[in-house]
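First up is the structure itself, then whatever we jot down about it.
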Amino acid sequence: MTYGPFDLWAPRASRVRLIAAGETVEMVQDDSDWWSPSGPVPDPAGEEVDYGYLIDDDETPRPDPWSRHQPDGVHGLSRTYDSTLYEWQDSSWTGRQLAGAVIYELHIGTFTPEGTFDAALTKLDHLRDIGVDLVEVMPVNAFNGTHNWGYDGVLWHAVHEGYGGPAGYQRFVDGCHAAGLGVIQDVVYNHLGPSGNYLPLFGPYLKKGSNTWGELVNLDGKGSDAVRRYILDNVQMWLSDYHVDGLRLDAVHALDDSSAVHLLEQMAVEVAALSAHVGRPLTLIAESDLNDPKLVTPREAGGYGLDAQWSDDFHHAVHVALTRETEGYYADFEPLSALAKVVERGFFHDGTHSSFRGRTHGQKVDIDRMPSWRLVVASQNHDQVGNRAVGDRITESLDDDQLACAALLTLAGPFTPMLFQGEEWAASTPFQFFTSHPEPELGRATAEGRIAEFERMGWDPAVVPDPQDPETFQRSKLDWAELATGRHARMLEGYRQLAALRRERPELTDPSFGHNACLVDEDSRLFEMWRGDVHVVVNFGDDEAVIELDEPGEVLFETPAGVSLSGTTLTVPAHAGAVIAP
């Protein structure tokens with residue numbers, strides 16, 4: 001059945017009135033719990049119309065759960081928005097496949113000083129220069145306040161006004177395609193934010209139980225068919241109406257779904273059909289801490305059929321090798337052999353005991369069949385930086401060679417590499433946890449909870465930034481003036497070189513696990529990785545290392561300290577790394 005622009009699914013309401021362009025119209029309910037206006041309403045095909053709904057006897061209008069535009073915030077009236085009126089310029093765009101690609105994760109509000117879609121467009125040449133293929137944008141759906149990481153969204157179909165709203169988003173995607181870049185949108189379907197969530201007034205969008213972030217979304221209870229359709233239509237909106245090339249699905253392990261067909265599988269089926277129709281790749285990437293290959297196993301082989309998933313094991317192994325941090329979930333990754341296992345087997349925890357979880361964790365990857373690009377990896381990302389007490393990057397604790405080694409392992413490794421905004425020039429700015437809840441009690445609770453959490457971990461509460469302080473947000477904005485100076489320029493040049501090398505050497509995008517091999521020396525902390533004939537060497541130790549190669553070779557890349565190759569003798573300074581090929 002086709003519903004009109006003001007029709008509303010609201011099984012919990014006994015009466016609904018539409019407020020549109022200042023007029024009030026009673027609505028009538030059908031057998032499917034959809035409500036329609038009982039009389040004439042303003043034509044949304046003409047001028048934009050501000051509208052909302054009065055539920056039961058409430059005299060405060062609530063925004064449309066399906067709203068595309070919230071010019072006055074998530075508590076205000078919705079505004080009609082016809083996405084088909086935009087004149088797209090990307091008719092020749094054929095998309096970007098994930099295999100062989102480089103992803104760049106960014107937060108619109110902190111990526112540029114202006115914090116808008118239009119401002120982000122001015123930096124696309126920079127992204128192309130470092131070999132980026134796909135731009136992954138942290139959530140942009142409507143949330144309460146002026147700035148936020150985006151994971152507190154409450155109106156999933158609306159684009160945050162402060163970034164440029166839906167029109168700005170269309171310009172951004174169109175501009176990325178013109179620059180040869182695909183767009184992956186980060187979306188959150190596992191919970192709703194704490195302010196402005198009026199969905200429970202309309203229907204059973206939530207169910208009993210909770211995850212880390214809030215009440216569970218109703219994917220398998222009474223009324224769940226409509227809730228699932230709400231989510232699946234949102235997926236279609238990004239990929240179809242906004243021409244997005246893929247979605248990053250936040251924390252899918254928090255999706256509680258006992259249905260015969262899991263929401264993720266249903267999503268994969270519908271996206272595959274849409275991809276066939278539009279004639280370009282459409283990618284689904286899951287963030288999951290389950291280490292379960294079922295997510296990315298094709299449906300024909302009994303999996304959900306998603307394209308890829310994040311692998312935190314790679315981050316943890318690289319982070320521990322470089323920083324020597326072994327607290328919390330880092331403990332199991334202390335030996336260098338952990339990094340070797342990740343490279344060769346995909347996951348470190350693949351049915352092994354996790355000391356942090358206190359139980360066996362993960363499933364083995366079928367390395368004979370699964371391509372390695374299905375795992376998306378990073379040495380830094382918004383979680384691993386922003387969820388630290390002070391939001392500090394590894395830039396703060398590592399020297400230039402160590403930072404270059406992090407880039408080397410990420411970009412020359414067997415997985416799909418993802419860079420986090422600013423890492424390519426060793427940005428000095430942190431990425432801290434920031435919120436702007438207008439409600440004093442919610443803001444205070446958020447700040448106190450954040451500080452108390454890290455105080456329990458032994459941090460001085462005085463050094464933990466207040467997420468509600470506007471300066472916390474301002475400190476997290478990238479400083480683009482850094483690029484041309486000192487270590488920032490040196491690091492940026494290293495990323496350019498690695499990007500060029502990745503394009504030139506097919507071994508570095510080879511998806512076969514069988515073509516990877518590692519050798520580690522725990523005493524000297526020397527790590528060697530072979531990608532076919534390409535030999536990657538990283539000296540994690542504090543002393544110079546000397547290696548005898550099997551045959552003479554050529555240095556294709558070296559970190560700032562340089563290496564020495566004489567015949568078959570390779571000398572690698574402390575903390576340095578290199579790429580060698582015959």
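- Legend: ring pair (Phe, Tyr, Trp, His ring centres under 6.0 Å) pairs involving residues 10-32, not counting sequence neighbours: none detected.
- Between Arg12 and Asp33, none of the side-chain N atoms (NZ, or NE/NH1/NH2) sits under 4.0 Å from a carboxylate O, so this pair counts as no salt bridge.
- Minimum heavy-atom separation, Gly76 to Pro63: O-CB, 3.5 Å.
- In summary, the side chains of His75 and Tyr198 do present a donor paired with an acceptor at a separation below 3.5 Å, with no hydrogens or angles considered.
- Applying the salt bridge (charged side-chain N to carboxylate O under 4.0 Å, His left out) rule to pairs touching residues 470-483 yields nothing, sequence neighbours excluded.
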Show, in sequence, the C-alpha distance, side-chain angles and deciding distance for Asp257 and Arg228, and conclude whether the salt bridge (Lys or Arg N to Asp or Glu O under 4.0 Å) test is met. CA-CA 10 Å; Asp257 184 8; Arg228 293 167 75 96; 2.9 Å; yes
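- Proximity of a side-chain donor or acceptor of Arg96 to a complementary backbone N or O of Gly180 within less than 3.5 Å is detected.
- Shortest non-hydrogen contact noted between Leu478 and Gly422 is CD2-CA, 3.9 Å.
- Salt-bridge check for Asp118 with Arg171: passed, with a basic side-chain N closer than 4.0 Å to an acidic carboxylate O.
- Residues Lys207 and Glu215 are not paired through a salt bridge, judged by the lack of any N-O separation under 4.0 Å between the basic side chain and the carboxylate.
- Shortest non-hydrogen contact noted between Ala13 and Ile55 is CB-CG2, 3.9 Å.
- If you take CG on Leu18 and CG on Leu8, they are separated by 9.0 Å, rounding to the nearest 0.5 Å.
- Residues Asp7 and Ser36 have side chains that bring a donor and an acceptor to within less than 3.5 angstrom of each other.
- Listed for the His361 side chain is a donor-acceptor partner under 3.5 Å among the backbone atoms of Asp289.
- Residue Pro417 comes nearest to Ala101 through the heavy atom pair CD-O, 3.4 Å, listed as atom of the first residue, atom of the second, then distance.
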Using the rule given for salt bridge (Lys or Arg N to Asp or Glu O under 4.0 Å), can you reason through Asp245 versus Arg280, listing the C-alpha separation, both sets of side-chain angles and the distance that settles it, and then say yes or no? CA-CA 8 Å; Asp245 301 280; Arg280 58 185 173 89; 2.9 Å; yes
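- Side-chain contact, Gln421 with Thr110: a donor N or O sits under 3.5 Å from an acceptor N or O.
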Run the side-chain hydrogen bond (donor to acceptor under 3.5 Å, both in side chains) test on Asn211 and Asn190 for me, step by step, so that the C-alpha distance in whole Å, both residues' side-chain angles and the decisive distance to 0.1 Å come before the verdict. CA-CA 8 Å; Asn211 55 37; Asn190 56 66; 4.5 Å; no
side-chain hydrogen bond (donor to acceptor under 3.5 Å, both in side chains) between Glu161 and His69: does it pass, once the steps are laid out? CA-CA 8 Å; Glu161 190 69 11; His69 196 190; 2.9 Å; yes
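- Considering Trp149, Tyr151, Phe434, Phe420 as possible partners of His107, the one that fulfils the ring pair (Phe, Tyr, Trp, His ring centres under 6.0 Å) test is Phe434.
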Lys123 and Asp125: CA distance, side-chain angles, deciding distance, salt bridge (Lys or Arg N to Asp or Glu O under 4.0 Å) verdict: CA-CA 6 Å; Lys123 305 300 184 184; Asp125 285 345; over 6 Å; no
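- With sequence neighbours excluded, the residues forming a side-chain contact (heavy atoms from CB on, under 4.5 Å) with Leu274 are Gln236, Leu239, Ser240, Val278, Leu282, listed by chain and number.
- In this model, a donor atom of one side chain and an acceptor atom of the other lie less than 3.5 Å apart for Thr84 and Asp82.
- Rounding to the nearest 0.5 Å gives a distance of 11.5 Å between CG of Leu263 and CG of Asp256.
- Under the side-chain contact (heavy atoms from CB on, under 4.5 Å) criterion, Glu441 pairs with Arg444, not counting sequence neighbours.
- No hydrogens or angles considered: a donor-acceptor pair under 3.5 Å links the side chains of His177 and Trp93.
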Working note: His243 + Asp90, criterion side-chain hydrogen bond (donor to acceptor under 3.5 Å, both in side chains); need CA distance, chi angles, decisive distance, verdict. CA-CA 9 Å; His243 291 206; Asp90 66 349; 2.9 Å; yes
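- Between Arg15 and Glu26, at least one side-chain nitrogen of the basic residue sits less than 4.0 Å from a carboxylate oxygen of the acidic one, meeting the salt-bridge criterion.
- In terms of heavy-atom proximity, Val154 sits nearest to Gly196 at CG2-O, 3.5 Å.
- Checking Tyr189 against Asn234 by side-chain atom types alone, a donor-acceptor pair falls below 3.5 Å.
- For the residue pair Gln170 / Asp174, no side-chain donor-acceptor distance below 3.5 Å is found, with atom types taken as modelled.
- Asp50 and Arg79 are joined by a salt bridge, as a carboxylate oxygen and a charged side-chain nitrogen come within less than 4.0 angstrom of each other.
- Pro438 is linked by a side-chain contact (heavy atoms from CB on, under 4.5 Å) to Asn144, counting only residues two or more places apart in sequence or in another chain.
- A distance of 6.0 Å or more separates the ring centres of His157 and Trp238.
- Between Asp466 and Ala447, the closest heavy-atom pair is OD1-CB, 3.2 Å.
- Taken to the nearest 0.5 Å, the CG atom of Asn291 stands 8.0 Å off from the CG atom of Asp312.
- Identified under the ring pair (Phe, Tyr, Trp, His ring centres under 6.0 Å) test for residues 261-280, with sequence neighbours left out: His262-Tyr304.
- A salt bridge links Glu265 with Arg299: the distance from a Lys NZ or Arg NE/NH1/NH2 to an Asp or Glu carboxylate oxygen falls below 4.0 Å.
- Side-chain contact between Trp66 and Trp156 is absent, with no heavy-atom pair separated by less than 4.5 Å.
- A salt bridge between Glu59 and Arg17 is present, with a side-chain N of the basic residue lying under 4.0 Å from a carboxylate O of the acidic one.
- Looking at His160 and Gln70, their side chains never bring a donor and an acceptor atom within 3.5 Å of each other.
- With Trp9 as reference, Tyr205 is the one residue of Tyr230, Tyr205, Phe202 to meet the ring pair (Phe, Tyr, Trp, His ring centres under 6.0 Å) rule.
- The closest side-chain donor-acceptor pair between Tyr242 and Gln185, if any, does not fall under 3.5 angstrom.
- Looking at Gln380 and His315, their side chains never bring a donor and an acceptor atom within 3.5 Å of each other.
- Defined by atom type and a distance below 3.5 Å, a donor-acceptor pair is missing between the side-chain atoms of Asp220 and Ser259.
- Rounding to the nearest 0.5 angstrom, the gap separating the CH2 atom in Trp310 from the CD1 atom in Ile285 is 9.0 Å.
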Steps toward salt bridge (Lys or Arg N to Asp or Glu O under 4.0 Å) verdict (Asp58, Arg62): CA-CA 9 Å; Asp58 191 349; Arg62 304 303 182 187; 3.0 Å; yes
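- Taking the six-membered ring wherever Trp is involved, the centroid distance between the rings of Phe6 and Tyr53 does not fall below 6.0 Å.
- Ring geometry for Phe117 against Phe172 counts as tilted: the plane angle lies between 30° and 60°, on a 0 to 90° scale.
- Thr446 places a side-chain N or O within donor-acceptor distance of the main-chain N or O of Leu442, the cut-off being under 3.5 Å.
- Once rounded to the nearest 0.5 Å, the distance linking CD1 of Ile184 with CD1 of Ile103 reads 4.0 Å.
- Interatomic distance, Asp133 CG to Arg128 CZ, rounded to the nearest 0.5 Å: 11.5 Å.
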